[in-house]
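Lettering of chains follows the sequences in order, A, B, ..., and the numbering in each one begins at 1.
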Amino acid sequence: MSAETPVVSNFLRNIIDADLAANKFASRRWGGGPGDAASHAAGVADPAKIRTRFPPEPNGYLHVGHAKSICLNFGLARDYDGVCHMRFDDTNPEKEDQEYVDSILDAIQWLGFGWDKFGQSHLYHASDYFGFMFRAAEYLIEAGHAYVDQQTAEEMRVNRGDFTTPGKDSPFRNRPAAESLALFHEMRDGKHPDGSMVVRAKIDMASPNINMRDPAIYRIRHAEHHRTGNQWCVYPMYTFAHPIEDALEQITHSICTLEFEDQRPFYDWLLARLAEGGLLADPLPHQYEFARLNLTYVITSKRKLMQLVNEKYVEGWDDPRMPTIVGLRRRGFTPEAIQLFCERIGVTKSDTWIDYSVLEGALRDDLEEKAARAMVVLDPLKLKLTNWDTLFGANHAEPCSAPVHPHHEEMGKREFNLTREVWIEREDFQEVPEKGFRRLFPDNMARLKYGYVIKCTGCEKDAEGNVTAVLAEIVPDTKSGTPGADSVKVKGVITWVSASEGLSAEVRLYDRLFTEAQPDAGGRNFLEVLNPDSKRVVTAYVEPGLAQTTAGTSFQFERHGYFVADRKECGADRLVFNRTVTLKDSWGK
RNA sequence: AGGGGAGUCGCCAAGUUGGUUAAGGCAUCGGAUUUUGAUUCCGACAUGCGAAGGUUCGAAUCCUUCUUCCCCUGCCA
């Protein structure tokens with residue numbers, strides 16, 4: 001898909017182009033896997049022109065916002081003959097779980113990306129670097145760049161100062177390195193309870209950048225880690241761990257979101273210190289920040305998504321209304337549509353809102369090309385062909401044929417029968433037509449798609465005056481595909497399903513989850529603007545050929561939109577379809 | 001208030017060593033095609049680049065001032 005989509009320049013591509021042009025990475029070595037300066041020095045010239053990484057914390061499900069980052073990082077690596085490392089940033093044992101690891105890996109592969117490149121897998125875990133990180137912290141302490149602080153969390157907070165007030169040095173700040181080192185070892189050995197002490201980088205308590213006011217780099221957590229078990233009771237903080245992870249993996253461009261901009265000075269400070277100590281070597285990785293995705297009508301906060309699931313506003317993480325990758329997938333999104341969306345929105349440093357319709361547009365553009373067509377009636381009203389018996393005989397079934405895809409003959413034909421009674425959409429009949437209406441109304445002609453032109457003669461009503469059936473006559477010799485098909489010109493085309501041969505199916509009509517473009521704008525509780533009609537379930541009639549539908553297959557239900565056979569509940573015994581997105585409708589329903 | 005960022009068409013977004021008519025996409029609006037009011041195809045769509053000054057033969061690009069919005073005071077990431 002990217003072959004036909006011209007690549008649009010962005011600030012990251014410009015940076016990479018400049019780096020490459022300057023031969024900035026010419027001396028890079030690759031030790032065959034993540035490692036310190038010595039191990040890479042002993043390796044080979046790095047076969048990867050650049051290295052990026054996608055580093056989720058395995059504490060939740062991936063969503064459309066992550067998709068932007070995934071497409072960016074894996075996409076750049078692909079385009080520049082580099083590699084993107086799949087890395088779990090699992091430095092907080094209390095929040096993480098293997099279940100999330102599995103779902104994340106699955107989501108990325110589904111999106112169309114992988115981490116095997118240059119003959120090896122690049123699936124990494126921050127927890128594999130705990131040993132090095134511990135050594136790095138020891139080095140920092142020994143070199144006078146870090147210390148063990150025994151202030152309480154509250155004392156630390158107060159002494160950090162605020163935006164206008166410089167912080168105050170901790171009373172432990174200048175304790176001898178040997179004392180800090182001994183305490184750090186005691187921390188590791190489980191001699192101290194959670195929260196009793198912490199290792200802090202020694203930088204500048206008066207820095208205007210609060211992240212430089214002696215940030216905590218190691219804390220005590222007597223917790224079982226999903227990968228390292230009980231091997232450790234001290235764990236590195238993100239601030240400290242992330243730059244090291246990047247360096248050990250020889251990442252060239254460490255791309256993260258805007259809120260980490262203030263963290264970059266520490267990122268550079270840390271790597272420079274470790275390079276001084278010989279633990280790391282140039283060229284060191286650099287951090288670049290881009291604006292995360294803001295999508296209207298969508299919420300991506302982990303906490304809020306969790307709330308939607310836990311409080312049953314939706315039916316799980318893979319509910320088709322959820323912006324999670326599993327939700328989008330079940331809704332009928334394709335990986336290509338999501339990739340197209342990411343290409344269209346671009347990458348910048350300006351914090352913007354993308355309208356939900358852009359996502360829908362990309363989806364339609366992808367599905368239009370590949371979805372098989374089918375005729376389905378979602379809101380059935382019976383149509384009686386009153387001259388059927390005299391024309392064909394009551395029990396006759398008239399075979400009709402239609403292309404699987406109007407622009408792709410090679411996809412073949414589908415066959416179904418026209419019978420004396422068919423289902424049509426209730427909205428396709430108006431006893432008194434509104435201006436511009438071209439479908440069925442008394443004395444008007446329209447075509448039953450792929451069948452005959454019919455002339456509406458009236459309707460039947462119940463005691464309350466509700467229309468219960470539409471009456472029409474077939475106009476002879478107008479069957480689609482026959483020489484006389486165009487002898488009568490009509491403006492309206494009606495989709496239909498044989499009343500006697502059509503199959504019934506459960507169809508879920510999904511709509512956006514919220515009624516406001518920015519559900520949590522201005523501190524509003526997003527639950528107050530949940531769309532009560534985000535899911536409507538109808539029993540529809542579908543053409544007989546859909547009987548053998550495979551779960552996960554996408555269709556265009558003609559004149560309605562794109563639908564997908566639900567991957568969990570659609571089976572041979574029960575047809576279940578999810579509406580992925582409607583067709584564009586310039587007439588307005 | 002201190003620090004860090006961002007403001008180019010309705011929504012995104014190229015363009016920044018200053019130099020012809022400010023890319024492109026989405027949306028929108030015309031028109032053609034169409035057995036999906038879909039698709040497709042043609043065409044239209046910023047004398048303007050947050051604002052005001054200034055430098056210059058020439059500025060979205062340089063300078064000055066102003067303005068709006070976003071992020072930062074977890075032993076989360």
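For the pair A:Arg292 and B:C71, the criterion of a side-chain N or O lying under 4.0 Å from OP1 or OP2 is not met. The phosphate of B:U36 has neither OP1 nor OP2 within less than 4.0 Å of any side-chain N or O from A:Arg439.
The ring pair (Phe, Tyr, Trp, His ring centres under 6.0 Å) test applied to A:Tyr238 returns A:His242, A:Phe260, not counting sequence neighbours. Listed by chain and residue number, A:Trp269 satisfy the ring pair (Phe, Tyr, Trp, His ring centres under 6.0 Å) test with A:Phe266 (two or more places apart in sequence, or in another chain).
Ranking B:C26, B:A38, B:G74 by closeness to the A:Arg160 side chain, first place goes to B:G74. Of the candidates B:G37, B:C76, B:U36, B:G37 carries the atom nearest the A:Ser586 side chain, counting heavy atoms from C-beta on. Taking only side-chain atoms of A:Lys584, from C-beta outward, the nucleotide of B:A27, B:U73, B:G4 with the closest atom is B:A27. Counting only heavy atoms from C-beta on, A:Phe260 has its side chain closest to B:A77 among B:A77, B:G74, B:U36. Out of B:U36, B:G5, B:G2, the shortest distance to the side chain of A:Phe163 is found at B:G2. Listed nucleotides: B:G2, B:A77, B:C70. Nearest to the side chain of A:Asp351: B:C70. Closest to the A:Asp262 side chain, of the nucleotides B:C75, B:C76, B:C72, is B:C72.
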Could you list, one pair per line, each protein nitrogen or oxygen that sits under 3.5 Å from a nitrogen or oxygen of nucleotides 42-45 of chain B, together with the distance?
none

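Using the Watson-Crick or G-U wobble rule with both distances under 3.5 Å, B:A44 pairs with B:U28. The partner of B:G37 is absent, by the rule that a Watson-Crick or G-U pair needs both atom distances under 3.5 Å. When Watson-Crick and G-U wobble pairs are counted only if both distances are under 3.5 Å, B:A6 pairs with B:U68.
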Donor-acceptor pairs under 3.5 Å, side chain of residues 209-217 of chain A to any protein atom, not counting sequence neighbours: which ones?
| from | atom 1 | to | atom 2 | distance (Å) |
| --- | --- | --- | --- | --- |
| A:Asn209 | OD1 | A:Asn211 | N | 2.9 |
| A:Asn209 | OD1 | A:Asn211 | ND2 | 3.1 |
| A:Asn209 | ND2 | A:Asp262 | O | 2.9 |
| A:Asn211 | OD1 | A:Gln263 | NE2 | 3.2 |
| A:Asn211 | ND2 | A:Asp262 | O | 3.3 |
| A:Arg213 | NE | A:Arg160 | O | 3.0 |
| A:Arg213 | NE | A:Met205 | O | 3.4 |
| A:Arg213 | NH1 | A:Ser207 | O | 2.5 |
| A:Arg213 | NH2 | A:Arg160 | O | 3.0 |
| A:Arg213 | NH2 | A:Asp162 | O | 2.8 |
| A:Arg213 | NH2 | A:Thr165 | O | 2.8 |
| A:Asp214 | OD1 | A:Arg173 | NH2 | 3.1 |
| A:Asp214 | OD1 | A:Ile203 | N | 2.7 |
| A:Asp214 | OD1 | A:Asp204 | N | 3.3 |
| A:Asp214 | OD2 | A:Tyr147 | OH | 2.7 |
| A:Asp214 | OD2 | A:Arg173 | NE | 2.7 |
| A:Asp214 | OD2 | A:Arg173 | NH2 | 3.4 |

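At the heavy-atom level, A:Gln556 lies under 4.0 Å from base atoms of the strands shown. The residue A:Gly481 sits close to a base: some heavy atom pair falls under 4.0 Å. Looking at heavy-atom distances under 4.0 Å, A:Gln263 makes contact with a base. Among the atoms of the strands shown, base atoms are found under 4.0 Å from some heavy atom of A:Gly195. Across all strands shown, A:Arg373 has heavy atoms under 4.0 Å from base atoms, whether or not it also approaches the sugar-phosphate. At a threshold of 4.0 angstrom between heavy atoms, the contacts of A:Thr91 are confined to the sugar-phosphate backbone, with no base atom among them. Across all strands shown, A:Arg447 has heavy atoms under 4.0 Å from base atoms, whether or not it also approaches the sugar-phosphate. Note on A:Asp89: only backbone sugar-phosphate atoms sit closer than 4.0 angstrom, heavy atoms only; bases stay farther off. Using a 4.0 Å heavy-atom criterion, one finds that A:Arg438 contacts the bases of the nucleic acid, with or without backbone contacts as well. In this structure, A:Gly167 reaches neither bases nor backbone, as no heavy-atom distance under 4.0 Å exists between it and the strands shown. Across all strands shown, A:Phe437 has heavy atoms under 4.0 Å from base atoms, whether or not it also approaches the sugar-phosphate. As judged by a 4.0 angstrom heavy-atom cut-off over every strand, A:Met375 is placed among residues making no nucleic acid contact. At a threshold of 4.0 angstrom between heavy atoms, the contacts of A:His407 include nucleobase atoms, whether or not backbone atoms are also involved. In this structure, A:Thr152 reaches the bases: a heavy-atom distance under 4.0 Å links it to at least one base atom across the strands shown.
Only one option out of A:Tyr218, A:Phe134, A:Phe130, A:Tyr129 pairs with A:Phe240 in a ring pair (Phe, Tyr, Trp, His ring centres under 6.0 Å); it is A:Tyr218.
Interface residues of residues 295-302 of chain A facing RNA chain B, ordered by number: none; criterion, heavy-atom separation under 4.0 Å.
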From CA spacing to verdict: side chain to side chain contact (heavy atoms under 4.5 Å, CB included), A:Val347, A:Val8: CA-CA 10 Å; A:Val347 179; A:Val8 175; over 6 Å; no

Mind running side chain to side chain contact (heavy atoms under 4.5 Å, CB included) on A:Phe557 and A:Leu583 for me, showing each step along the way? CA-CA 9 Å; A:Phe557 289 174; A:Leu583 246 32; over 6 Å; no

In sequence, state the C-alpha distance, the side-chain angles, and the governing distance for A:Arg559 and A:Asp428, and then conclude on salt bridge (Lys or Arg N to Asp or Glu O under 4.0 Å). CA-CA 11 Å; A:Arg559 303 200 305 137; A:Asp428 284 345; 2.3 Å; yes

Before you tell me yes or no, could you show the steps for A:Glu245 and A:Arg87 under salt bridge (Lys or Arg N to Asp or Glu O under 4.0 Å), namely the whole-Å CA-CA distance, both residues' side-chain angles and the distance that decides it to 0.1 Å? CA-CA 9 Å; A:Glu245 294 159 25; A:Arg87 177 167 83 218; 3.1 Å; yes

Using a 4.0 Å heavy-atom cut-off, write out nucleotides 13-21 of chain B from 5' to 3' as B (base contacted by protein), S (sugar-phosphate only) or - (no contact). SSS------

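You'll find the side chain of A:Glu289 reaches within 4.5 Å of the side chain of A:Glu261, heavy atoms only.
Not a single donor-acceptor pair under 3.5 Å links the side chain of A:Asn159 to the backbone N or O of A:Ser170. In this structure, A:His225 contributes its side chain and A:Arg227 its backbone to a donor-acceptor pair below 3.5 Å. Distance alone, capped at 3.5 Å, is enough to place a donor-acceptor pair between the A:Arg364 side chain and the A:Thr582 backbone.
Judged by centroid separation below 5.5 Å and plane tilt below 30°, A:Tyr238 does not stack onto the base of B:A77.
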